[in-house]
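Working notes, beginning with the structure itself.
Chain naming here is simple, since letters A, B, ... match the order of the sequence lines and numbering starts at 1 in each. Scope of the values below: all heavy atoms of this structure, side chains included, with no hydrogens, waters or symmetry mates.
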Number of protein chains: 2
Amino acid sequence: MHNSQVPAETWSIAELAAEYDVTLRTIRFYEDRGLLNPERRGTARVYHPRDRVRLALILRGKRLGFSLDEIAKIVDMYDAEPGEEGQLAYLLDQITHRRTELEQRRRDIEETLQDLAEVEARCHADLKALRDQSDSR
Amino acid sequence: MHNSQVPAETWSIAELAAEYDVTLRTIRFYEDRGLLNPERRGTARVYHPRDRVRLALILRGKRLGFSLDEIAKIVDMYDAEPGEEGQLAYLLDQITHRRTELEQRRRDIEETLQDLAEVEARCHADLKALRDQSDSR
DNA sequence: TTCGTGCTTGACGCTTACGTAAACGTAAAG
DNA sequence: CTTTACGTTTACGTAAGCGTCAAGCACGAA
């Protein structure tokens, strides 16, 4: 078995912040809340691909409106060790729970998109009415 | 043109709170932020179907992770008067904006659901491994 | 009249998710 | 050696979204 020699790229906190358009404060805050655990080289933080993925997951969770506490649980699911049976059952339970939530949100989105389409149609109708009115003057 | 005589039902704050499972404080807070404008009968609040719809829209917005300020803009779009051309153009712009956001969120949800499916599959595989192992003892 | 029930308006408290200095370390470049 | 860039911790500030009293009004039943 050979050591598959991937570059094993790393990033500084500033690089990661620039890439994902967040502040350094935000990244450090996520670490403070246990969402990130970068390596330390001296006192400085060094981020590995794994940390990068976690940050992306965190931000996706935020866009979805989850709290950081919820995001912590979700993200930790991805990194979960095989563990024993009870742990796996718990994980499966969590998955079901999150899926239910997400499907509710998807329904909310569909409904809202439809509502927006209606408002838009009304808008166009109103615009047409205005134009017809001014044309006939 | 006859006066279509719908019952014109109304609700108290407590009834509305119970129906949507929010506290009185929450409903009053939404009013404070300009999201609701119930009728007053003496000092008491009286909610009409229109208010009920708005509350439902607010809560859906919350599930979608919008801030109350954003929700205010969205909900007000529904009730917008025909208005003049500039106003309508602004509204259409807002609609496009919201739609873009919602479509991003929908993509996030799809991705997350797929990720969850993968974690779930891994989970089931791990469970199977555990069972096979204990079977062979 | 008194009680209970449901409503009202403050007003202070709390948590989340950061922003915003302040004060300091370190390492390469000029 | 000093400047500059980039990083660090500590800590107070703040906006949002309510929770949680406190104190009081209104109204029908007992």
Under 4.0 Å between a side-chain nitrogen and a carboxylate oxygen: does that hold for [X] and [Y]?
X: Arg41(B); Y: Glu39(B); answer: yes
X: Arg98(B); Y: Glu101(B); answer: yes
X: Arg45(A); Y: Asp51(A); answer: no
X: Glu9(B); Y: Arg52(B); answer: no
X: Asp108(A); Y: Arg60(B); answer: no
X: Arg28(A); Y: Asp32(A); answer: no

Closest to the Phe29(A) side chain: dC18(D), dC18(C), dG7(D)?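 So the nucleotide nearest the side chain must be dC18(C).
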Looking only at the side chain of Asp69(B) (C-beta and beyond, no hydrogens), which of the listed nucleotides dC7(C), dA16(D), dC18(C) gets closest?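 Output: dA16(D).
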N or O in side chain of [X] less than 4.0 angstrom from [N] OP1/OP2:
X: Arg28(A); N: dT8(D); result: yes
X: Lys62(A); N: dC18(C); result: yes
X: Arg45(B); N: dT8(C); result: yes

Hey, does the Lys NZ or Arg CZ of Arg105(B) hover above the aromatic six-ring of Phe66(B), less than 6.0 Å from the centre and inside 45° of the axis?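 Geometry flag: set, cation within 6.0 Å and 45°.
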Heavy atoms within less than 4.0 Å of DNA chain D: which residues of residues 30-43 of chain A have one? Give them sorted by number.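 The answer is Arg40(A), Thr43(A).
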Heavy-atom count around Glu81(B) CD within 6.0 Å, excluding the residue itself: above 12?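 No, because the 6.0 Å sphere around CD of Glu81(B) holds 12 heavy atoms or fewer from other groups.
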Would a single hydrophobic cluster contain both Tyr90(B) and Val75(B), if residues Ile, Leu, Val, Met, Phe, Trp and Tyr are joined by side-chain heavy-atom contacts under 4.5 Å?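 No, it is not one cluster - the side chains of Val75(B) and Tyr90(B) are not joined through contacts under 4.5 Å.
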Would you say Trp11(A) ends up clustered with Val46(A) if hydrophobic residues are merged whenever their side chains have heavy atoms under 4.5 Å apart, either directly or through other cluster members?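 Unlinked, Val46(A) and Trp11(A) end up in two clusters.
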Interface polar pairs with nucleotides 19-23 of chain D, N/O, under 3.5 angstrom:
residue: dG19(D); atom: OP2; partner: Thr23(B); partner atom: OG1; Å: 2.6
residue: dG19(D); atom: OP2; partner: Thr26(B); partner atom: OG1; Å: 3.4
residue: dG19(D); atom: N7; partner: Arg25(B); partner atom: NE; Å: 3.1
residue: dG19(D); atom: O6; partner: Arg25(B); partner atom: NE; Å: 3.3
residue: dG19(D); atom: O6; partner: Arg25(B); partner atom: NH2; Å: 3.0
residue: dT20(D); atom: O4; partner: Arg25(B); partner atom: NE; Å: 3.0

Calculate the interatomic distance between [X] atom [atom1] and [N] atom [atom2]; express it in whole Å.
X: Leu55(B); N: dC18(D); atom1: CG; atom2: P; result: 11 Å
X: Ile58(A); N: dA17(C); atom1: CD1; atom2: P; result: 11 Å
X: Ile13(A); N: dC18(C); atom1: CD1; atom2: P; result: 14 Å
X: Glu70(A); N: dT15(C); atom1: CD; atom2: C1'; result: 14 Å

Hey, what bend do you get for the helix from dT1(C)-dA30(D) to dG30(C)-dC1(D) if you fit axes on five pairs at each end, rounded to 10°?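 Axis-to-axis angle, ends of the helix: 20°.
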How close do Ala17(A) and Thr23(A) get, heavy atom to heavy atom, and via which atoms?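 Taking Ala17(A) first and Thr23(A) second, the nearest heavy atoms are CB-C, 4.3 Å.
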